[in-house]
> 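Structure provided below as C-alpha cells; questions to follow.
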Amino acid sequence: MVKNLYHQENQWKLLQPLLFGLLVLCSVLLYFIVSLMDPGYVLSDYNLKSLPTHVELGMMNPEAPTGVRLRRCGYCFLQQPMRARHCKTCRHCVRRFDHHCPWIENCVGERNHPLFMLYLSVQFVVLFWALRLAWSGFQFEASWTEWLKVNVFLLLAFILTGIFTIVIALLLGCHCYLISCNVTTWEFMSHHRISYLKHYDSDTSPFDKGICRNLWGFFCTCNSVAWERVYFRGTYNTV
C-alpha cells in the first residue's frame with residue numbers, strides 16, 4: 001500500500017512539469033488565436049429588412065418610445081448593428097464591441113470574446129501555478145540578510161508573478177460579472193452616452209435574460225445575434 005502511494009506520488013511529480021508546459025503552450029496558442037482572429041468586424045451595411053416588422057419600425061421611427069434609430073458610423077460610413085462600435089485603432093466597426101485590448105493588439109468583440117475569456121482563465125492558472133512554484137523554491141537561511149542574498153532573484157520573480165496574477169484575477173472576475181449581466185465593458189463605462197441605454201438605469205440592461213441564459217448565450221452561441229430583436233422584444237413585449 002505504501003509502495004503504491006509512493007509510486008503514484010512519483011508519477012504525479014513527473015507529470016507536473018509536462019502539464020505545466022502544456023498549459024503554457026495552450027496559453028501562447030490562445031494568445032495568437034485571439035489576437036489574430038476577426039473579433040466581429042462589420043464589413044457591409046446592416047440588413048434591417050431581415051428583422052421582424054416591430055423591430056424594423058422601432059429602429060426607423062424617430063417617434064418610437066425608445067428613441068433608438070439605426071446609426072451610421074462616422075468613420076467607415078456603414079450602418080452599425082446594435083451594440084457595435086467603431087474602433088479607431090483597428091479602423092473597423094466591431095459587433096458587440098467590448099474593448100480594444102492593447103495586450104493582444106486586437107479588439108475584443110462578438111467572435112473572440114469567449115476565447116478571450118478562455119485565454120484569461122488559462123493564463124490565471126499558469127500564473128498561479130508559477131506563483132506556487134516560486135514559493136516552494138525559497139531557501140530558508142539563518143538570518144534575513146543571508147536569506148535575501150540567496151533568494152533575491154526568486155523574490156523579484158515572485159513579486160512580479162503575484163502582481164500579474166492579481167491583475168488577471170481582477171480582470172477575469174470583472175468580465176465574468178459583466179457577462180453574467182449581459183453587459184459589455186464599453187456599455188458599462190459609457191452607459192450614459194449610448195442611445196439605446198440612456199433611458200435605462202445604470203444597473204439594468206435591456207439584454208439581460210438571467211445569469212444562466214446570459215452565460216449560455218455567451219459561451220454556446222456560435223452565430224451572430226440580432227440584438228435589435230432582443231432589445232425590442234422587451235420594449236414591445238412581443239414573443
> Is E228 reaching over with its side chain to a backbone N or O of M82, donor-acceptor style, under 3.5 angstrom?
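Indeed, once roles are kept as given, a pair shorter than 3.5 Å links the two residues.
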> Between I179 and M117, is the side-chain contact (heavy atoms from CB on, under 4.5 Å) condition met? List the steps.
CA-CA 10 Å; I179 291 165; M117 289 298 294; 3.7 Å; yes
> State yes or no: are the ring centers of H99 and H113 separated by less than 6.0 Å?
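For H99 and H113, the ring centres are not under 6.0 Å apart.
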> Ignoring hydrogens and angles, tell me if any N or O in the side chain of Y231 forms a donor-acceptor pair with the backbone of A226 under 3.5 Å.
no
> State, with a plain yes or no, whether a side-chain heavy atom of N214 is found less than 4.5 Å away from one of S180.
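In short, these two side chains do not touch, never coming nearer than 4.5 Å.
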> Just wondering, more than 12 heavy atoms not from L29 lying within 6.0 Å of its CG?
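Atom CG in L29 is packed in, count exceeds 12.
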> Determine, for D208 against R213, whether the closest basic-nitrogen to carboxylate-oxygen distance falls under 4.0 angstrom.
no
> Let me know which of F77, Y75, W186 forms a ring-ring contact (aromatic ring centres under 6.0 Å, His included) with H86.
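Testing each of F77, Y75, W186 against H86, the sole residue satisfying ring-ring contact (aromatic ring centres under 6.0 Å, His included) is Y75.
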> Any side-chain heavy-atom pair from C107 and F97 closer than 4.5 angstrom?
yes
> Is a side-chain donor or acceptor of T184 paired with a backbone partner of E187 at a separation under 3.5 angstrom?
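Indeed, once roles are kept as given, a pair shorter than 3.5 Å links the two residues.
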> Determine whether V183 and H191 make a side-chain contact, defined as any pair of heavy atoms from C-beta on separated by less than 4.5 Å.
no
> Does the side chain of F218 reach to within under 4.5 Å of the side chain of E110, using non-hydrogen atoms?
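A side-chain contact is absent here, since even the closest heavy-atom pair is not under 4.5 Å.
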> Please check: side-chain N/O of N112 versus main-chain N/O of G109, any donor-acceptor pairing under 3.5 Å?
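At least one qualifying donor-acceptor pair exists.
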> Counting only N and O atoms by type, is there a donor-acceptor contact under 3.5 Å from the side chain of T204 to the main-chain atoms of Y200?
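Not at all, since once roles are kept as given, no pair shorter than 3.5 Å links the two residues.
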> More than 12 heavy atoms of other residues, nucleotides or ligands under 6.0 Å from CZ of F164: yes or no?
no
> I'd like to know if the side chain of E105 and the backbone of P102 have a donor-acceptor N/O pair within less than 3.5 Å.
no
> Looking only at non-hydrogen atoms, find the nearest pair between S121 and L172 and report the distance.
OG-CD1, 3.8 Å
> Given L127 and I168, is the side-chain contact (heavy atoms from CB on, under 4.5 Å) satisfied, shown in steps?
CA-CA 9 Å; L127 286 169; I168 293 294; 3.7 Å; yes
> Any side-chain heavy-atom pair from L197 and P206 closer than 4.5 angstrom?
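Side chain of L197 against side chain of P206, heavy atoms only: contact under 4.5 Å found.
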> Answer yes or no: is there a donor N or O on one side and an acceptor on the other, between the side chain of N182 and the main chain of F207, under 3.5 Å?
yes
> Between V42 and R95, is there a side-chain heavy-atom distance shorter than 4.5 Å?
yes
> For the side chain of N106 and the backbone of S35, is there at least one donor-acceptor N/O pair under 3.5 Å apart?
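Present.
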